[in-house]
Amino acid sequence: METITEKQVKEKIYSLEDASAQVKKWQADGDKVVFTNGCFDLLHLGHITYLAEAASLGNKLVVAINSDASVKRLKGSNRPINNEVSRGIMLACFFFIDAIVVFDEDTPLETINSIMPDILVKGGDYTIPEIVGAVEVMANGGTVEVLQFVPGYSSTNIINRIRNGAEAG
Ligand SMILES: Nc1ncnc2c1ncn2[C@@H]1O[C@H](COP(=O)(O)OP(=O)(O)OP(=O)(O)O)[C@@H](O)[C@H]1O
Ligand SMILES: O=P(O)(O)O[C@@H]1O[C@H]([C@H](O)CO)[C@@H](O)[C@H](O)[C@@H]1O
């Protein structure tokens, strides 16, 4: 039996078509829409810190996540640890995230062109020239931001610490 809360969380998970339509409605209402993307396999403080900062840049935050197949091509056959359904639902639980969309391509370019956000962001492990969609968003009058990086935090680091039997910390 799905609780009301579960329903509210799952309602944040959109198809690309529906996400694009919802973003246009938000923008028509005067909302500034922020967009970011990533694998978000094992969530950590770096993810949460930059996502919360991303949300503070506008009125709505859309997060596009790589499908499982896309993550495998990008990060190796032993990834992701968490599948796309669980990654999407976990991110949708954050009050400051308004929409989740899954993309299967190697890059979010098609997704970004369809959604066309006002602000495109990535975490501090990227530079603006490396950000897929930056040219397109800026050409559309939007802005691109690199947000803070929390040193020492990565999903790979978590996996390696578990493999090496690291002490909690
Ligand atoms: N330590 C961090 N501080 C801030 N942002 C981060 C940090 N690590 C990743 N990000 C951001 O989170 C998003 C998702 O990145 P990703 O899922 O690849 O994280 P990751 O921890 O680097 O994963 P992996 O170790 O598997 O490569 C990206 O936009 C990236 O810029
Ligand atoms: O989680 P990651 O590896 O930071 O996310 C990747 O970001 C790429 C980025 O947008 C390049 O600017 C993207 O192309 C890739 O599909 C992953 O989402």
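Side chains are part of it too, since the values below use all heavy atoms of this structure and drop only hydrogens, waters and symmetry mates. Ligands are counted one by one from 1 in listed order, and the atoms in each one are counted from 1 as well.
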Protein residue, atom and distance nearest to [atom], heavy-atom basis:
atom	result
atom 27 (O) of ligand 1	Lys75 NZ, 2.6 Å
atom 19 (O) of ligand 1	His47 NE2, 3.0 Å
atom 3 (N) of ligand 1	Val150 N, 2.9 Å
atom 30 (C) of ligand 1	Asp125 OD1, 3.3 Å
atom 28 (C) of ligand 1	Lys122 NZ, 3.5 Å
atom 7 (C) of ligand 1	Phe149 CE1, 3.5 Å
atom 11 (C) of ligand 1	Tyr50 CE2, 3.5 Å
atom 20 (P) of ligand 1	Ser155 N, 3.8 Å

Part of Asn37 with heavy atoms under 4.0 Å of ligand 1, whether side chain, backbone, both or neither: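 Asn37 to ligand 1: backbone contact only, side chain stays beyond 4.0 Å.
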Taking all atoms of both residues into account, what is the closest heavy-atom pair of Asp68 and Pro80, and its distance? OD1-CG, 3.4 Å
Least distance between heavy atoms, Gly133 atom then Leu109 atom: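 Closest approach of Gly133 to Leu109, heavy atoms only: CA-CD1, 3.9 Å.
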Could you list which atoms of ligand 1 come closer than 4.0 Å to a heavy atom of Arg79?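 Counting from 1, the qualifying ligand atoms are 26 (O).
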When you look for heavy atoms under 4.0 Å from ligand 2, do you find them on the side chain of Asp125, its backbone, both, or neither? neither
Of the side chain and backbone of Glu130, name the one, both, or neither that has a heavy atom under 4.0 Å from an atom of ligand 2. backbone
Does Lys75 have a non-hydrogen atom less than 4.0 Å from ligand 2?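 Yes, Lys75 has a heavy atom closer than 4.0 Å to ligand 2.
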Give the ring-plane orientation class for Phe40 versus Tyr50, where under 30° counts as parallel, over 60° as perpendicular and anything between as tilted.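 If you compare the ring of Phe40 with that of Tyr50, the planes turn out parallel.
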Should Asp41 and Lys75 count as an ion pair when the cut-off is N to O under 4.0 Å?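 Here Asp41 does not pair with Lys75 in a salt bridge, since their nearest N and O are not under 4.0 Å apart.
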Would you mind running through ligand 2 and noting each atom that sits below 4.0 Å from a heavy atom of Asn66? 15 (C), 16 (O), 17 (C), 18 (O)
I'd like to know whether Lys122 forms a side-chain contact (heavy atoms from CB on, under 4.5 Å) with Asn37, so could you lay out the CA-CA distance, the side-chain angles of the two residues, the decisive distance to 0.1 Å, and finally the verdict. CA-CA 7 Å; Lys122 287 289 282 182; Asn37 57 275; 3.5 Å; yes
